[in-house]
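Taking it in order: structure first as structure tokens, then the write-up.
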Amino acid sequence: MVGETGTTRAPWRTWWQRWPCWVGRATTAWAVVYAGFGLACALSGTPPLYLGSASGPSTLGWGVAGVGAVAALTCGAVALYGLRPASRVLLWVVCALAGIAAFGLLMDVITLVFGQGVDNGVAAAHHALAATGVVLLAATARSGRRPSAAPVVQAPSAASGPIQLAACAGTAAFLPYAAMKLVWASGGTFAGMTGEEMLAISQRNGASGIWLTLESWGLDGTVLLAALGVFLLWGLVRPWGQVFPRWTPWLRGRRVPRWLPLAPALIGAATLAPYGVFGVGYVTLATADVVTMRRGDFHSSSDALLVAWIGMAAFAGYGVALIVAARSYWLRTRSTRRTDVNAE
């Protein structure tokens, strides 16, 4: 296909730009697989969801199968009758349910990056499958919007001042957390725990060789991930997150694909924001003696509470900032529609 500039478009690009035509079929296929996954879990007595190390009931598989069945039926109705308002509402409801089921995907990715196995293979597969459904369901819910005008990509721009202030707050939220982790990694003592004790706990919990090697170098894996998270956050609010900057060999000057920063941003926001916000609520209740804070591996409940405050405040602050920054990036990089110059 030859575009307005006279250049030939790559077949994959043409296929991708026609996503409203095929995304409904892809979502239907996903729904059938998801329903089958839930049915297999229910019939085999395998829990599809875990909360930490505690497994949920295997009967949740019936719920997973039900969500998949509703999604399949809704996609079938869209294929037959078009995208009606009721169908769009159902798609967004199922999308929200799939998003809840995908919670924990980020933790699975982190453990795999550091060469450490996931806690449960079935639960990890469920997280990945549900996250795929979130993308497909959301795309199907928006597929009815098919403007006829050609898309025009907006020029790279920075986020507004308040959005950048939110990015500053998200960055600052990680500083106490990073300092705490680096104190332990360097052999120091914080909240009554020495670096040697924390290293022994990591070994007992099955930390990978990569993780332990970083610890021996005085580095902490979660601090490195926090640094990457801050890099992502600022990429979402600065122009260099839309066009590769000069310090990126072979790529400088080229457009950054929207999905490249948005995919990890959405996964991170969907995991860290609710985890941090609910965690802050829990430690607030624990501080007020409404609930009991278990000391876990720490020497006292007060030490555990101090560490929990630092961790949950970091996750909540960064997670909320990531939501704000991702929304700004989405709006600033979406294609506008070129009006017909001969219409006037």
With sequence neighbours left out, write down each residue that passes side chain to side chain donor-acceptor pair (under 3.5 Å) with [X], or none if nothing qualifies.
{"X": "S302", "answer": "S300"}
{"X": "S44", "answer": "T46"}
{"X": "S160", "answer": "none"}
{"X": "T132", "answer": "none"}

[X]-[Y] co-clustered via ILVMFWY side chain contacts under 4.5 Å:
{"X": "V223", "Y": "V230", "answer": "no"}
{"X": "L305", "Y": "I201", "answer": "yes"}
{"X": "L137", "Y": "Y81", "answer": "no"}
{"X": "F244", "Y": "Y329", "answer": "yes"}
{"X": "Y318", "Y": "I323", "answer": "no"}

How far apart are the closest heavy atoms of [X] and [Y], and which atoms are they?
{"X": "M193", "Y": "E197", "value": "CA-OE1, 3.5 Å"}
{"X": "A131", "Y": "L105", "value": "CB-CD2, 3.5 Å"}
{"X": "G241", "Y": "P261", "value": "O-CG, 4.4 Å"}
{"X": "V283", "Y": "M312", "value": "CG1-CG, 4.5 Å"}
{"X": "V78", "Y": "S87", "value": "CG2-CB, 3.8 Å"}
{"X": "G170", "Y": "A321", "value": "CA-CB, 3.7 Å"}

Inset, instruction - Look at the aromatic rings of F190 and W184 and report parallel, tilted or perpendicular, splitting at 30° and 60°. - result: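 Perpendicular, since the angle between the ring planes exceeds 60°.
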Inset, instruction - Hey, can you tell me if Y34 and W30 have their rings parallel, tilted or perpendicular (30° and 60° cut-offs)? - result: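 Rings of Y34 and W30: parallel, as their planes differ by under 30°.
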Inset, instruction - List the steps and the verdict of side-chain contact (heavy atoms from CB on, under 4.5 Å) for L83 and S143. - result: CA-CA 8 Å; L83 189 60; S143 62; 4.3 Å; yes
Nearest 0.5 Å, what's the [atom1]-[atom2] distance between [X] and [Y]?
{"X": "Q164", "Y": "L236", "atom1": "CD", "atom2": "CG", "answer": "11.5 Å"}
{"X": "L91", "Y": "T74", "atom1": "CG", "atom2": "OG1", "answer": "5.5 Å"}
{"X": "S58", "Y": "L49", "atom1": "OG", "atom2": "CG", "answer": "11.5 Å"}
{"X": "I100", "Y": "C95", "atom1": "CD1", "atom2": "SG", "answer": "10.5 Å"}
{"X": "S301", "Y": "D289", "atom1": "OG", "atom2": "CG", "answer": "10.0 Å"}
{"X": "T171", "Y": "L233", "atom1": "OG1", "atom2": "CG", "answer": "5.0 Å"}

Inset, instruction - Establish, yes or no, whether a centroid distance under 6.0 Å links the rings of F103 and H126. - result: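 No.
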Inset, instruction - Please find out if less than 6.0 Å separates the ring center of F231 from that of W240. - result: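 So the answer is yes for these two rings.
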Sub-3.5 Å donor-acceptor pair from the side chain of [X] to the main-chain atoms of [Y], do we have one?
{"X": "T28", "Y": "G24", "value": "yes"}
{"X": "R88", "Y": "R142", "value": "no"}
{"X": "T248", "Y": "P245", "value": "yes"}

Inset, instruction - Take I163 and V324 through the side-chain contact (heavy atoms from CB on, under 4.5 Å) test and state the conclusion after the steps. - result: CA-CA 7 Å; I163 303 297; V324 174; 3.3 Å; yes
Inset, instruction - Sequence neighbours left out, what pairs pass salt bridge (Lys or Arg N to Asp or Glu O under 4.0 Å) with at least one residue falling in residues 26-41? - result: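 Checked against salt bridge (Lys or Arg N to Asp or Glu O under 4.0 Å) - neighbours excluded - no pair reaches residues 26-41.
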Legend entry - Distance-only donor-acceptor check, side chains Q242 and R258, under 3.5 Å: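 The answer is no; no qualifying pair exists.
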Legend entry - side chain to side chain donor-acceptor pair (under 3.5 Å) between T140 and T27, worked out: CA-CA 7 Å; T140 304; T27 308; 2.6 Å; yes
Legend entry - Side-chain heavy atoms of R332 within contact of S328, under 4.5 Å: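 They are in side-chain contact.
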Inset, instruction - Would you list the pairs meeting ring-ring contact (aromatic ring centres under 6.0 Å, His included) in which at least one residue belongs to residues 269-304, sequence neighbours left out? - result: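 Checked against ring-ring contact (aromatic ring centres under 6.0 Å, His included) - neighbours excluded - the pairs reaching residues 269-304 are Y275-F315.
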Inset, instruction - Let me see the working for L43 and W62 under side-chain contact (heavy atoms from CB on, under 4.5 Å), right down to the final yes or no. - result: CA-CA 9 Å; L43 295 177; W62 294 111; 3.9 Å; yes
